[in-house]
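See structure below.
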2 protein chains.
Amino acid sequence: MTRDTRQRRAIRSVFDDADGPLGPQEVLDRAQRDVPGIGLATVYRTIKLMVEDQELNPVELPGEPARYEPAERGHSHHHFFKCDACGRVYEMQGCVSNPSSLAPDGFRVSRHEIVLYGTCANCA
Amino acid sequence: MTRDTRQRRAIRSVFDDADGPLGPQEVLDRAQRDVPGIGLATVYRTIKLMVEDQELNPVELPGEPARYEPAERGHSHHHFFKCDACGRVYEMQGCVSNPSSLAPDGFRVSRHEIVLYGTCANCA
DNA sequence: ATTCGTGCAAAGACTTTGCATAAAT
DNA sequence: ATTTATGCAAAGTCTTTGCACGAAT
């Protein structure tokens with residue numbers, strides 16, 4: 001079904017080399033070093049396949065287009081920090097005590113997202 | 001600077017009557033009952049002005065276009081619950097203990113967002 | 001040879017903007 | 001009369017899709 005092509009291998013290696021989640025355009029820019037003719041549509045299609053194959057996890061921050069990261073990094077429960085200064089997104093391990101307690105009675109919570117904003121160690 | 005027109009009054013009343021945050025298209029649909037000729041561009045422009053005037057707060061959930069709610073409701077710190085079944089967004093008062101503790105050393109946290117997903121009381 | 005992926009361009013969802021007209025002051 | 005908002009359509013961003021061509025089996 002899903003073939004492992006030159007393009008897909010290049011995209012995989014872009015994610016493996018990345019230091020944080022990447023958006024499609026960033027992936028394209030980096031993948032073009034390996035496969036000059038690659039197009040944006042291929043990046044979108046390949047990312048979608050890799051998400052279906054659980055090879056990538058989407059990282060969706062409020063008000064921003066989706067980024068993606070390799071699934072290994074996403075296996076343990078974690079959240080994200082976005083630096084208001086440099087815009088970089090950092091992954092944070094761990095979680096707060098019991099976020100589900102926020103929900104009113106009768107609401108069943110199956111998952112949650114937490115995003116922190118501020119200034120990262122590099123920008124401080 | 002900002003004039004209070006028929007359209008803007010209609011949009012304000014749509015938000016005041018709403019039971020949760022609304023997106024621009026929903027606002028348009030409801031405002032057209034009052035002001036039949038109103039256009040989507042006016043809704044977008046008016047929402048932007050009302051956000052600048054602190055009359056509305058944006059409600060941005062991961063991977064979804066922005067919704068908005070009257071600022072009074074947004075004055076106390078709160079978060080949101082999105083029902084996976086009906087898609088409705090609920091506001092939750094309160095917050096978890098200390099979300100900032102998730103951030104690594106050297107990171108300064110200025111704000112955070114928490115979104116819960118699951119099944120609401122109506123759908124359960 | 002057949003199947004599936006790619007590149008390009010067209011189209012789709014959401015949002016912003018330019019411009020002539022209309023409304024508010 | 002002057003200023004500012006409106007409506008429409010065009011354009012902009014991000015993403016998906018149709019289709020002919022190319023690559024992999």
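Here is how names work: the chains are called A, B, and so on, in the same order as the sequence lines, proteins then strands, and each is numbered from 1. None of these values were measured; they are calculated from a predicted model.
- Distance A/R3 CZ to D/dA24 C1': 4 Å, rounded to the nearest Å.
- For A/R108, the salt bridge (charged side-chain N to carboxylate O under 4.0 Å, His left out) criterion is met by no residue, not counting sequence neighbours.
- Legend: residues meeting salt bridge (charged side-chain N to carboxylate O under 4.0 Å, His left out) with B/R88, ordered by chain and number and at least two apart, are B/D19.
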With a cut-off of 3.5 Å and sequence neighbours excluded, list every side-chain donor-acceptor pair involving residues 110-117 of chain A.
{"from": "A/S110", "atom 1": "OG", "to": "B/Y117", "atom 2": "O", "distance (Å)": "3.3"}
{"from": "A/R111", "atom 1": "NH2", "to": "B/D84", "atom 2": "OD1", "distance (Å)": "2.9"}
{"from": "A/H112", "atom 1": "NE2", "to": "A/H77", "atom 2": "NE2", "distance (Å)": "3.1"}
{"from": "A/H112", "atom 1": "NE2", "to": "A/H79", "atom 2": "NE2", "distance (Å)": "3.2"}

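- Every residue meeting the ring-ring contact (aromatic ring centres under 6.0 Å, His included) condition with B/F107, not counting sequence neighbours, appears here in chain and number order: A/F81, A/Y90.
- Rounded to whole Å, atom P of C/dT17 lies 15 Å from atom CD1 of B/I47.
- Within a heavy-atom distance below 4.0 Å of DNA chain D, the residues of residues 4-12 of chain B found are B/T5, B/Q7.
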For residues 28-36 of chain A, tabulate all N or O donor-acceptor pairs below 3.5 Å that involve a side-chain atom, not counting sequence neighbours.
{"from": "A/D29", "atom 1": "OD1", "to": "A/Q25", "atom 2": "NE2", "distance (Å)": "3.0"}
{"from": "A/Q32", "atom 1": "NE2", "to": "A/I38", "atom 2": "O", "distance (Å)": "3.3"}

All N/O pairs under 3.5 Å across the protein-nucleotides 12-16 of chain D interface:
{"from": "D/dT15", "atom 1": "OP2", "to": "A/Y44", "atom 2": "OH", "distance (Å)": "2.4"}
{"from": "D/dT15", "atom 1": "O5'", "to": "A/Y44", "atom 2": "OH", "distance (Å)": "3.1"}

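- Under the salt bridge (Lys or Arg N to Asp or Glu O under 4.0 Å) criterion, no residue pair touches residues 114-124 of chain B, with sequence neighbours excluded.
- Sorted by first and then second residue, the salt bridge (Lys or Arg N to Asp or Glu O under 4.0 Å) pairs with a member in residues 52-65 of chain B read B/R8-B/D53, B/R8-B/E55, B/R12-B/E55, B/E64-B/R67, B/E64-B/K82; sequence neighbours excluded.
- If you chain together ILVMFWY residues whose side-chain heavy atoms come under 4.5 Å of each other, A/L49 ends up in a group of its own.
- Not counting sequence neighbours, B/D105 has no partner by the salt bridge (charged side-chain N to carboxylate O under 4.0 Å, His left out) test.
- Within a 6.0 Å radius of CZ in A/R6, no more than 12 heavy atoms belonging to other residues, nucleotides or ligands are found.
- Non-hydrogen atoms lying under 4.0 Å from DNA chain D are contributed by B/G37, B/I38, all within residues 26-38 of chain B.
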